[in-house]
Amino acid sequence: MSGRVRRMSAAQVEALLKRYGFELISQRGRHRKWRHAVRRLQVIVPEHRGRQLPLGTLHNIFLHAEIPTSEWMK
């Protein structure tokens with residue numbers, strides 16, 4: 001593993017969040033709010049019209065969602 005964030009679209013990120021028990025709570029414009037009720041975590045995922053999300057945004061989403069690095073690092 002080289003320690004780099006893997007490039008992903010919003011749809012790929014949301015699929016990963018669902019796998020880890022997050023549920024879509026609300027949407028405002030192109031930003032979707034995902035929440036994990038048991039662990040009391042919340043993240044916002046922007047929709048960039050099918051494009052890949054910026055690496056910093058991906059990193060921030062996954063850190064706040066407490067998803068293991070093996071899922072999103074190369």
Side-chain angles (χ1 to χ4, degrees):
M1 185 184 308
S2 67
R4 294 176 50 197
V5 177
R6 188 171 46 137
R7 300 298 303 222
M8 300 172 90
S9 68
Q12 292 169 314
V13 171
E14 290 174 346
L16 186 58
L17 290 172
K18 284 182 193 177
R19 250 188 18 223
Y20 278 88
F22 283 80
E23 296 179 356
L24 180 62
I25 298 301
S26 66
Q27 178 173 345
R28 186 164 187 178
R30 293 193 177 268
H31 292 79
R32 296 184 183 128
K33 185 185 298 184
W34 291 82
R35 190 175 292 157
H36 193 288
V38 176
R39 293 173 34 208
R40 301 181 59 89
L41 300 172
Q42 176 176 296
V43 293
I44 306 294
V45 179
E47 173 59 49
H48 287 183
R49 297 186 184 186
R51 293 182 299 169
Q52 294 178 335
L53 295 176
L55 294 177
T57 302
L58 288 170
H59 187 259
N60 193 30
I61 289 169
F62 293 134
L63 284 180
H64 284 95
E66 297 179 0
I67 293 178
T69 56
S70 60
E71 292 284 352
W72 51 275
M73 297 286 271
K74 284 186 183 180

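Both backbone and side-chain heavy atoms feed into the values below; hydrogens, waters and symmetry mates do not.
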Side-chain touch [X]/[Y], heavy atoms, less than 4.5 angstrom:
X     : Y     : value
Phe22 : Leu16 : no
Gln52 : Gln12 : no
Trp72 : Leu58 : no
Leu55 : Arg7  : yes
Gln27 : Glu47 : no
His36 : Tyr20 : no
Val5  : Met73 : yes

Between [atom1] of [X] and [atom2] of [Y], what distance do you get to the nearest 0.5 Å?
X     : Y     : atom1 : atom2 : result
Arg39 : Glu66 : CZ    : CD    : 5.0 Å
Asn60 : Ile44 : CG    : CD1   : 11.0 Å
His59 : His64 : NE2   : NE2   : 10.5 Å
Leu41 : Arg35 : CG    : CZ    : 10.5 Å
Arg32 : Arg30 : CZ    : CZ    : 9.0 Å
Arg6  : Glu71 : CZ    : CD    : 7.5 Å

Cluster question for you: counting only ILVMFWY and a side-chain heavy-atom cut-off of under 4.5 Å, with indirect links fine, are Leu24 and Leu17 together?
yes
Over 12 non-hydrogen atoms of neighbours within 6.0 angstrom of CZ in Arg49
no
Write down the atom of Ala10, the atom of Val45, and the distance for their closest heavy-atom approach.
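Minimum heavy-atom separation between Ala10 and Val45: CB-CG1, 4.0 Å.
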What one should report as the nearest heavy-atom pair of Ile61 and Pro46 is CD1-CD, 4.3 Å
Under the criterion side chain to side chain contact (heavy atoms under 4.5 Å, CB included), I'd like the reasoning laid out for Trp34 against Glu14: C-alpha separation, chi angles, the key distance, then a yes or no.
CA-CA 8 Å; Trp34 291 82; Glu14 290 174 346; 3.4 Å; yes
